[in-house]
Amino acid sequence: MPELPEVETIRMGLSELLPGRVVRAVTHDNPKSFPNAPADVNVFLIGAEVVGVQRRAKVLLIELSSKYSLVIHLKMTGQLVFVSADTRFGAGHPNDSLIHALPDKSTRVEFTFTDGSRLFFNDQRKFGWVRLLPTAEVPNIDFMRKVGPEPLDASFTAGEFAERLMRRKNTSIKAAILDQTVLAGIGNIYADESLWGAKIHPATLVKNVSRQKISSLFTEIQYVLNLSIQKGGSSDKNYVNAEGKRGSYLSFARVFRREGQPCPRCGTTIVKLRVAGRGTHICPKEQKVVQK
DNA sequence: CACTTGACCTGTCCGC
DNA sequence: TGCGGACAGGTCAAGT
């Protein structure tokens, strides 16, 4: 669901759509989805102009002229969909990519801008959240202090990757790369895809993965993340971009959700198992658990 | 401290 | 057809 490529796709969309717009009104249906005090919202959100949109790990940051920022985590089923003032929902209209009208029953927060356009935070399962924080304090929240480096930053090296992995040397390699404090942005889809690319069994203990395989995994992680950003991310059920459109990475996926189909490299039937408490997809011939 | 499991939610699918 | 249970998977709290 929303992992680094999906959140990055939304960020790119929103950074074209939001800057310059001024918030006129905010409504929310669920305190958990937007736990801020109403007083803060009235003073620092209403009337503020969007300055820019950033991403860190799987978190979106919408920076406001009030020196506050909206910090948004989509968790599993979150969506951020922008709708212009003249949008008509449904097939046959110029902007008919949205399947149904918004707000819908999953809408948790609705932002209305002064020009009549709107931004919807939809979240079926209510795991995601929106917070309003002083921009200067964002780096100090727990999540930001603990989260690891961005895998697509030019400064992130295979050496640093290996070093950070070794903090989790007695756990499975899959659990380690899903750990956001090791590196940022990997979720279940890109974990399986990159481990297949590097021919590593997800249950292999980190300490038993060779240096060469770790280096290969580093390359594969960057490859699958970049490819997915190119394809607009992975849409399973819920994910859509800032314009309500789906991404197409899953039609290029090699193992994820492809149990019963042939491995694209060797033709062996892909199997699904459970590793680190998650559904996990592998080629059983090419990905073997290594023990030392 | 290192690591694993369960909880948080809602919707869908599968077997009986 | 209805109904219970498993499953989906990001993160944090609680347990071993």
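Below, chain A is the first sequence line, B the second, and so on; all start at residue 1.
Remark: the separation of the P atoms in C:dC3 and B:dC9 is 24 Å, to the nearest Å. Nucleotides B:dT12 and C:dT11 place their C1' atoms 23 Å apart, quoted to the nearest Å.
Atom CG of A:Leu4 and atom P of C:dT11 are 11 Å apart (whole Å). Rounded to whole angstrom, the span from the CD1 atom of A:Ile173 across to the P atom of B:dT4 amounts to 13 Å. Taking atom CG of A:Leu74 as the reference point, atom P of B:dC8 lies 22 Å away to the nearest angstrom. Between the CG atom of A:Asn188 and the C1' atom of C:dT11 there is a distance of 13 Å, given to the nearest Å. Distance, A:Asp179 CG to C:dC12 P: 10 Å, rounded to whole Å.
At the phosphate of B:dC3, OP1 or OP2 sits under 4.0 Å from a side-chain N or O atom of A:Asn170. The phosphate of C:dG10 (OP1 or OP2) has a side-chain N or O of A:Arg278 nearer than 4.0 angstrom. Checking the phosphate oxygens (OP1, OP2) of C:dA8, no side-chain nitrogen or oxygen of A:Thr77 falls inside 4.0 Å. Side-chain nitrogen and oxygen atoms of A:Arg168 include at least one within less than 4.0 Å of the OP1 or OP2 phosphate oxygen of B:dC3. Checking the phosphate oxygens (OP1, OP2) of C:dT11, a side-chain nitrogen or oxygen of A:His73 falls inside 4.0 Å. Remark: A:Gln180 is not in phosphate contact with C:dG10, judged by side-chain N or O atoms under 4.0 Å from OP1 or OP2.
With A:Phe44 as the aromatic partner, A:Lys67 does not meet the cation-pi criteria of under 6.0 angstrom to the ring centre and within 45 degrees of the ring axis. The cationic atom of A:Arg258 (NZ for Lys, CZ for Arg) does not lie both less than 6.0 Å from the six-membered ring centre of A:Trp196 and within 45° of the ring axis.
Positionally, the nearest nucleotide of DNA chain C for A:Gly279 lies more toward the 5' end than for the other of A:Ala57 and A:Gly279. Heavy-atom distances to DNA chain B give each of A:Lys32 and A:Lys237 a nearest nucleotide, and the one nearer the 5′ end belongs to A:Lys32. If you find the closest nucleotide of DNA chain C to A:Ile186 and to A:Arg257, the one lying nearer the 5' end belongs to A:Arg257.
Here A:Tyr239 lies out of heavy-atom contact (under 4.0 Å) with every strand. A:Gly277 comes within contact range of no nucleotide atom at all, as no heavy-atom separation falls under 4.0 Å.
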### Query
What's the verdict on side chain to side chain donor-acceptor pair (under 3.5 Å) for A:Ser84 and A:Thr87, showing C-alpha distance, side-chain angles and the deciding distance?
CA-CA 5 Å; A:Ser84 63; A:Thr87 295; 3.0 Å; yes
### Message
What verdict does the salt bridge (charged side-chain N to carboxylate O under 4.0 Å, His left out) test give for A:Glu49 and A:Arg21, after you've listed the backbone C-alpha separation in whole Å, the side-chain angles of each residue and the deciding distance to 0.1 Å?
### Response
CA-CA 6 Å; A:Glu49 178 181 333; A:Arg21 298 191 199 270; over 6 Å; no
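Here C:dG10 is the nucleotide among C:dG10, B:dT4, B:dC8 with the atom lying nearest to any side-chain atom of A:Lys58. The side chain of A:Lys105 lies closest to B:dG11, out of C:dG10, B:dG11, B:dC3. Considering only side-chain atoms of A:Arg274, the nucleotide from C:dA8, C:dG10, B:dC3 that sits closest is C:dA8.
A side chain to side chain contact (heavy atoms under 4.5 Å, CB included) with A:Ser15 holds for exactly one of A:Val50, A:Ile10, A:Val53; it is A:Val53. Test A:Glu3, A:Lys174, A:His281 against A:Asn188 for side chain to side chain donor-acceptor pair (under 3.5 Å) and you get one pass: A:Lys174.
In the region residues 118-139 of chain A, proximity to DNA chain B at under 4.0 angstrom, judged on heavy atoms, holds for A:Gln124, A:Arg125, A:Lys126, A:Phe127.
A donor and an acceptor atom, one from each side chain of A:Lys126 and A:Asn30, are nowhere located under 3.5 Å apart.
Base pairing in DNA chain B yields stems of at least 3 consecutive Watson-Crick or G-U pairs, both distances under 3.5 Å, namely B:2-8 with C:10-16, B:10-16 with C:2-8.
A ring-centre distance under 6.0 Å is not found for A:Phe111 and A:Phe121. A:Tyr249 has its ring centre less than 6.0 Å from the ring centre of A:Tyr190.
In A:Phe143, the CZ atom is crowded: over 12 heavy atoms of neighbouring residues, nucleotides or ligands sit closer than 6.0 Å.
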